[in-house]
Every structure is written in structure tokens, then in C-alpha cells.
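Below is one structure; the comments refer to it alone.
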Amino acid sequence: MVLSDLLQNIIGGVTVGATYGLIGLGVVFLWQSIERINFANISSAMLAAYLFYTFYTQLHLGFLVAFVVSIAIIAAYGLALRHLVLEPINRHGGDKLEFVVATLMLCTFWLSVVKVLYGGIAKPFPPVFGEATSFVQIGSISIPSVYFWIFFVVLVLVLVLYVLLQRTMIGKMFRATAQNKEMASLVGINVGMTTSLAFMLSTSIVGIAGILLAPIYFVSLDLGGGPIGVKGFAAAVMGGLIDPLGTILGGLSIGLIENFSTLFISSAYKDVISFVVLVVVLVWKPRGIFNWTTKGD
Amino acid sequence: MANILETKALTKRFGGIVANRGINLAIEQGKTTGLIGPNGSGKSTFINQISGMFPPTSGSILFEGEEISRKPACEIASMGIARTFQRIQLFGHLNVVENVLVSRCKFMRASALDIALGTARVRHEEKAQFDKAMEFLGIVGLDGDAWKLPSNLPYGKRRALEIARALALEPLLLLLDEPAAGMTKEEFVEILRIMEILKERKITMLLVEHTMEFIRKAVDRVYVLNFGEVIAQGSFEEIERNKAVISAYLGDENE
Amino acid sequence: MRRNLKRIVYGAFFALVLLLPLLSRNEYVLFVMNKALLNIIVVSGLVFLTGFAGQISLGQVGFVAIGAYTSALVTTRLGMPIPIGIVAAIALSAIVGLLVAIPSFKLKAFFLSLVTIAFGQIIYLLIVNLTAVTGGSQGLFNIPPMKLGGTPFTNTLYYYLFLVLIALVGVLMYRLKYSYIGRQMFAVNDDDVAAEACAINSKKTKVFAFALSAGLAGLSGALTAHMVGFLTPDPFTFFDSANFVAMAVVGGLRQLSGGIVGGLVLTWLPELLRLNISGFENYYLLVNSVIVMLVIVFLPSGLGASLFKGLSRLWREKQGAVTLRNSRSKEGE
């Protein structure tokens, strides 16, 4: 009995944690290229979930079409972020703090837009990943079939990203730009395009995470605010804000910590514990605990 | 003659790289000691260790006989070691005289409560320290630029301001990290003039430099660093004839 | 002539501020105004912390909450008089501020902002979950109002009380800014390595800034508790912290007026929008966030700075230096 409880929590923690990892990746890709944190990072998750809901449930497009269109819009939104928020702030002499506050306001903005358009009540997520009640029984453990989907998608995505970043020119461009902008542009890397790509990659990955999380959190405003967003940041911080693999591992650990604190302490305090972990990691190892990108000094 | 500062087997490692290896160096009271060496030989690391920016990996630093290698930078500065930086580091949002006044904070005795109540003590102290700051600006010839922002000063004057700011601490030892780097001919002459004034005032200095010409004119004793180690020491004339030094410098130029 | 103009403009402004309760008998206007004044106290602290000392806090509402609940509990559970509650609130907030300052020794900008977000969230979640102490999401009720000769304060009385407090806070901030302490803040903000080399203890400086801004937030929280009479966790979310930072940035981080301009504008803006965009409850938040974004993008030094730049152009004055009061007259010499 106890063992199956344990296993169940491990599986649950890993699954949800994987999506936190994806949200963290959104933070990491942007940090790598422009050393900024988009505090509206999590908004992309909410927007993608609502877009998917609109296309699939309301407009009856097929699953794949709805998915692709939603993510394409989110990617375009990433590009818009660069040109309508980042660049104008830079042009008018604003700096990091202005970007922080502007994106914080963006977060409120999207929450209120969604509230105006869809109302504040959560929408049930269409059962594209199987019915909410469908479970897969393995021995004494029952796993919601959604979890398999989430895990599958995250796995595919991580592999795709790995190939993209390690085996293609894009990865090289990213790393070069992250290390030194002037040098990168001197050796002929298009820094502007890299920045655009970073924005688009950042928003679309978080968008996919949003669609994956929706069966668990419903299509709701919860997807666009506070706690989930902070867990994404926590995952990114564990990867030192630059190590993509470390970020996924960070997400997994946060998912696990949160599930086990629910099991052993109380569900009311699960968020408190994740935040305490975030602070401890930041203070104890500001360069991240799963960061193999930079060798320590 | 007493040594104001001595380092014993001072070593600093960054990961696998040894930036300073077992450095024994003594700075004599009232003299100007030079520290030269090719780029990357560990000169700046040495200054950063003495001024408390990096804690040493091992070894000791004795300042007036007291071990300071584990003390925080602000305490070391407060004890009387002032410094300038290789790349000028001024306070961009404070004007010229305010930059110097920052160094006078350690002489201020008014408490936060005094300030909140706006007591006469605060006003007197501010006035006195302001006059003091103007005096230090006068030494380097910047009293006419007191109300400008540092960003509006030409490069040479920014260097001079950094020196004035360091002087305002009334230090027992002044560390100058490449004060003549990147200067034009005229600026170079001006910085030499400031060095002369400092020597007249009997200020003990450690001068880190790259250019031999400047060192020749300014120092009493020279240490030469290469790959983090002291390879020679002595008067400038002795150093000039030293084979190891010549090869270190020629090797540097050949690269 | 120019000097007279300056006198007239400022005179009119102060007259308006002083006479507002007489000009408007509308309780709602006074209530919103009081809220604005309470926000000004918090935002002034943030201007000090972020604008002067360069330390970001996205969890400032945590300190407000600590102040509010402390004073409420001290006066209700312990039955102590209100002034003791307020002093306890300021003290406890400032002490927690000291602790929150510790991560700032090592962490900068974004990393620090994440710690402060986590701090704000932890306080919020504790309020929600420690039901026995805080009343949880039900909240605390029957918090005693301030009294004058046995009768509770009216909105007008609160208004004047807050004005006096803001004046005191303003004088305090002004004196600190133009003292060596202010100079230390600016130095640490610009370059903490160089500041340390000038014998400035950057840790102490950061701790002082955090404690002061936390204390002011605590004061504001305590006053809110007694003015409103009840407390729920609702106004203490992450978004409220974000809103305080927005007020500071919109007002202008580098000058004392930033807190006042930002607090006034961003307290009134949503209220005015809510009144004028009727029917669609949620639109006002939307429009509000757009306006704030526009101000931040196009006027990064803040409305306060632009306002004063415009005004000083009007009476042809030069902008002075940062931490020396007499610099303006000297500059003319």
C-alpha cells in the first residue's frame, strides 16, 4: 500500500514537474539570448490553452490543426513581444527594471483580456488526451492516461530541442550570442534573428506546456498567474538560467518535492515548500544546482 | 625602513588556473613600489586580493603587521588601503564632488537619527566634508569640474577623479591599477604630474603598470610578475638588465 | 516673474491638497484618496530601496501584510492600544526586512527579484493557511478604528493624519537622500565593488534600505487595517506587489516625488476607469495595464521626472545634482 502510494506520487510529481521544466525552458531561452526575464512567461501557457480550447472545442478544428495553429499564434506573439515591448523600451532608454515591470503588467493584461473574453470560470479541457476519468492500471497503481500523454510530448520535445541546440547551426548561434553579443555579430551571426528566434522558441515551449497542463488545471486563469509561473522560474533557477537539461531536471525535482510535501505534510503547504526550496537554491547556489553549462570559478 | 604591507606565499587559484603563485612582496613606507608584467601575469589579481575583492586561496597579507586576507573589502579600505581600478569605476549617478564625498563617508559620525532630525551636527559635518572633498579635487586639478557628472568628463580627468576619490580616504597605502592605460600623450603628462604630487605628499603607493616608460619615471622598487610568479625584483635599472624579464616581455611582444 | 509662477503653481497644489476634504464632501473620493496616500507610503519606501539603493523587491506586499496583521492582532487579541500596534507593525516588518536583505548580498537583479517574489508568496500562503492566527481566507474582523475623544476617525480625519505622516516620511527621505547615507545608497547602486573600495559596507547599506522600506510598508499596512476595519488575504497577492513596483517606476524611481506621483496616479487610474467604463467589470484592469505599459515604454524615467522637467522648464531652472542640496546654486556660479 505504502509503496504504491510512493510510486503514484513519484509518477505524478515527475509528470507535472516535466511541464514546470518546459515553462522553465521558456525562461532559459530568453535569458540566454537577451539576459532578460519575461515575467509574463507563464501567460503564454494560459494563452495557448485558451487558443486551443477555442479552435478545438468551439471551432471544431481537428486536434492537430488546433494544436499547430495555437502554437503558431503563440510563436508570432513571441515575435511581437520583441518588437512591441523589448525594442521600444531599449529605444527609449529603459533598462532591465522597465522590462520587468512592463512584462509584469503584460501578465495582468493577458489575465484581464482572458477574463473579458472567456469569463473567470474555468473551462473543462477537451478530452483529447483521453477522458479525465480514464486510468491505466498497473498493479495497484492507477495512472491517469493524461500523464502518459504529457510524458510522451515532453520527451519528444526535449529530444527535438536537444537536436536543435546541439546538432544545428541554431544552437551554435544561441550559445555564441549568449556568451558575447559583439563577438557573435563580428563573426557573422545575425544577433537580431537569434533574439527573435529566442522569443518565439520561449513562448511556444511555454505554450505547449500550457496545453499539456490544461487537463490538470483546466482551461483557467490559474494557468496564467502566480504559483505555476514561479515554479517555472524555480526550475530555470535550478538550471542556473542557462542549462536546458538542468532546467528540466529542476522542474522534475520541484514536481516531486511538491507531491511529497502533499503526501507527508499537507497540500495547503505544498506551494510554500516549493517557494522555500526556490529561495534556498538561490541563496545557496545562485548558479543553479543542475548547471553544467559553465564550469565554476 | 618599515614595510607597510607584506604578502607571504600569496596564492590565488581560479579553478585549475593559478593566477598568483606564492607571491612574497613587501611595500616600503613612503616609497612607490611598481608591479609590472605582461598581460595576464596576475597583476590585477594581486591588487584585487590585497584590496579584499577576492579572498586568497592560501598565503597571508600583513598590513601594518595585521593579517587582512580574510577581511571584507570595505574594512580593508577603512583600515587605509585605497585603490583605483583598471577599467575606471566611478559612480555614474553622482557628480564629481559627490564621487569624492563617497570616500568621506567613513569620516562621518552623524547617525541616521541625527539625519532624520536634521541636527546642526549634520549640517556642520556635511559642510566640513564638502570642503575636504573640494580640497582633494584641487590636488588633482578637478575643482573646476565639481558639478559635472563623470560621464561628461574626458578620459584623463576621469582617471584623475578616481585618484582623488581614493585619496579622499586618506589612505596609508594607495593601489593604482594601470593609471596610465589608454591615455593620450597630454593625459599621460598630466597623470605623471599627479604622481609627482602624490610622491611629494609622501603617499605610499603600489603602482601596477604595463608601460615601462611610466614605471621608469615613477617607482623606487619594482617587482616583475610572469605567469603568476615573481620572476625578478630590484631597482628599475637592475630589472632592465634582467634576462628573465627581457624574455618575458619579448615573449609577450612576439605573441 | 518666473519665481512667482513657481510659487503660484506649488501654492495652488498645496492648497488643493489641504482643502480637499472641504471641497469634496464625497466619502468615496476621500476613501480612494486615503488609499492613494497609504500606497504613497509603500511606494516611497520602494523608491528608496529600488531607485536609490538599487535593490529590487517584488514581494513588498509581504511587508504590508505583516504590518497589517501585526497591528490587527496586537490590538484585537492582545487588546493593546493602536499606537502600540502600529509601532509593533513597523518593528516586525523592518526586522523581516533585515532578513530578506540577506540574499541581496550575493544576488542581483533578477535573482533577487525571484527571492522577493517567493517571500511575498510565502507570506500570502501563510496568511491563507494559518487560519488559527490570521482567520485564513475568512479574514480578521472588528479591528478597532482610530479614535479621537471616543469617536472613531472619519475619512477626513484619516486623510489629515495620513497627510501628516506622508509629510514626515517625505522629510525623512529627503534628509536621508541628501546625506552621506543617501550617497552610500547611490554608490552601492551604481557600482558596489567601487563602493566597497571606498570603505562603504554594501551589506549594511542594503540591510538599511530593506529595513527602511519594509518598515514603511508595515506602517502603511497597519494604518490600512485600522482604517478599513477588517483584513482578508485578497489584497496581498503577487500582483499587488507588482503594482507597487509599477507605481514606483511610473512615478519615477530616482526622485522622492516618484512615490507621490506614482501612488496618486496608479491608485486613481483604475478607479476612474472603473467608474467610466461601466458595464464591463474587467475592462478597467485591461486598460489600466495598457496605460502603465505605455508609460513605462515611452517614459522610462517616470511621470514624476517628466512632470518636474516640464515644470522646471517653465521657470527655467537647472536640474540639480543628486545628493547635495546646495549644488544648484553652486552650479550657477
Side-chain angles (χ1 to χ4, degrees), chain B residues 48 51-53 72-85 88-112 114-119 122-123 125-127 129-130 133-134 146-150 162 165-166 168-169 171 175, chain C residues 51-54 105 168-209 211-212 215 253-255 301 318-333:
Chain B
N48 283 334
S51 56
M53 309 283 148
C74 59
E75 204 181 320
I76 291 173
S78 192
M79 288 173 73
I81 301 182
R83 67 167 293 174
T84 64
F85 294 88
I88 301 175
Q89 288 181 254
L90 294 167
F91 305 119
H93 287 92
L94 298 178
N95 66 25
V96 168
V97 63
E98 285 166 341
N99 263 275
V100 177
L101 272 169
V102 168
S103 286
R104 300 304 295 176
C105 289
K106 85 165 199 191
F107 301 99
M108 302 270 200
R109 293 285 167 266
S111 67
D114 278 322
I115 292 167
L117 297 174
T119 56
V122 176
R123 280 195 302 279
E125 200 174 67
E126 281 282 329
K127 179 80 179 66
Q129 295 304 335
F130 175 81
M134 289 304 283
W147 306 106
K148 288 181 181 157
L149 282 177
E162 217 190 10
R165 189 180 69 185
L169 275 177
L175 312 173
Chain C
F52 297 0
F105 298 167
L168 288 176
V169 168
V171 169
L172 174 72
M173 305 291 265
Y174 180 84
R175 285 182 174 159
L176 282 175
K177 184 185 178 186
Y178 294 106
S179 74
Y180 76 94
I181 293 182
R183 221 166 283 136
Q184 287 179 335
M185 302 283 160
F186 278 91
V188 168
N189 186 357
D190 276 341
D191 188 331
D192 52 355
V193 174
E196 285 267 331
C198 293
I200 285 171
N201 188 331
S202 60
K203 289 180 183 173
K204 251 192 202 165
T205 308
K206 288 171 185 173
V207 165
F208 182 82
L212 181 73
L253 273 175
R254 287 213 175 253
Q255 58 273 76
S301 52
K318 275 188 186 171
Q319 293 279 304
V322 195
T323 67
L324 276 171
R325 242 174 293 181
N326 52 350
S327 55
R328 195 177 289 150
S329 55
K330 296 251 179 176
E331 197 174 34
E333 279 174 15

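What you see is a predicted model, and the numbers here were worked out from it, not measured in a lab.
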May I ask you to name which of [options] has the most heavy-atom pairs under 4.5 Å with chain C?
{"options": "B:Ala110, B:Ala146, B:Pro72", "answer": "B:Ala110"}
{"options": "B:Met79, B:Met53, B:Gln129", "answer": "B:Met53"}
{"options": "B:Ala168, B:Ser51, B:Ser78, B:Ala116", "answer": "B:Ala116"}
{"options": "B:Ala82, B:Ala73, B:Cys105, B:Pro171", "answer": "B:Cys105"}

Could you state the interatomic distance from [atom1] ([X]) to [atom2] ([Y]), rounded to the nearest 0.5 Å?
{"X": "B:Ile115", "Y": "C:Lys177", "atom1": "CD1", "atom2": "NZ", "result": "15.0 Å"}
{"X": "C:Gln184", "Y": "B:Leu101", "atom1": "CD", "atom2": "CG", "result": "11.5 Å"}
{"X": "B:Asp114", "Y": "C:Ile181", "atom1": "CG", "atom2": "CD1", "result": "9.5 Å"}
{"X": "C:Cys198", "Y": "B:Gln89", "atom1": "SG", "atom2": "CD", "result": "10.0 Å"}
{"X": "C:Asp191", "Y": "B:Asn99", "atom1": "CG", "atom2": "CG", "result": "10.0 Å"}

Whether the side chain of [X] engages the backbone of [Y] through a donor-acceptor N/O pair (distance < 3.5 Å, no angle test) should be reported.
{"X": "C:Arg183", "Y": "B:Val102", "answer": "no"}
{"X": "C:Tyr180", "Y": "B:Lys106", "answer": "no"}
{"X": "C:Asp190", "Y": "B:His93", "answer": "yes"}

Where does C:Leu176 contact chain B at under 4.5 Å (heavy atoms): side chain, backbone, both or neither?
both
Output, in order, the C-alpha distance, side-chain angles, deciding distance and verdict of side chain to side chain contact (heavy atoms under 4.5 Å, CB included) for B:Cys74 and C:Ile200.
CA-CA 5 Å; B:Cys74 59; C:Ile200 285 171; 5.7 Å; no
So what's closer than 4.5 Å to chain C heavy atoms on B:Ala166: side chain, backbone, both or neither?
neither
Any side-chain heavy atom of C:Glu196 sitting closer than 4.5 Å to one from B:Glu75?
no
Please name the pair of heavy atoms, one in B:Gly118 and one in C:Arg175, separated by the smallest distance, quoted to 0.1 Å.
N-NH1, 3.4 Å
Over all atoms of both residues, closest heavy-atom pair of C:Ala199 and B:Ala77
N-CB, 3.4 Å
For C:Val193 and B:Phe85, run side chain to side chain contact (heavy atoms under 4.5 Å, CB included): C-alpha distance rounded to whole Å, both residues' side-chain angles, the deciding distance at 0.1 Å, then the answer.
CA-CA 10 Å; C:Val193 174; B:Phe85 294 88; 3.8 Å; yes
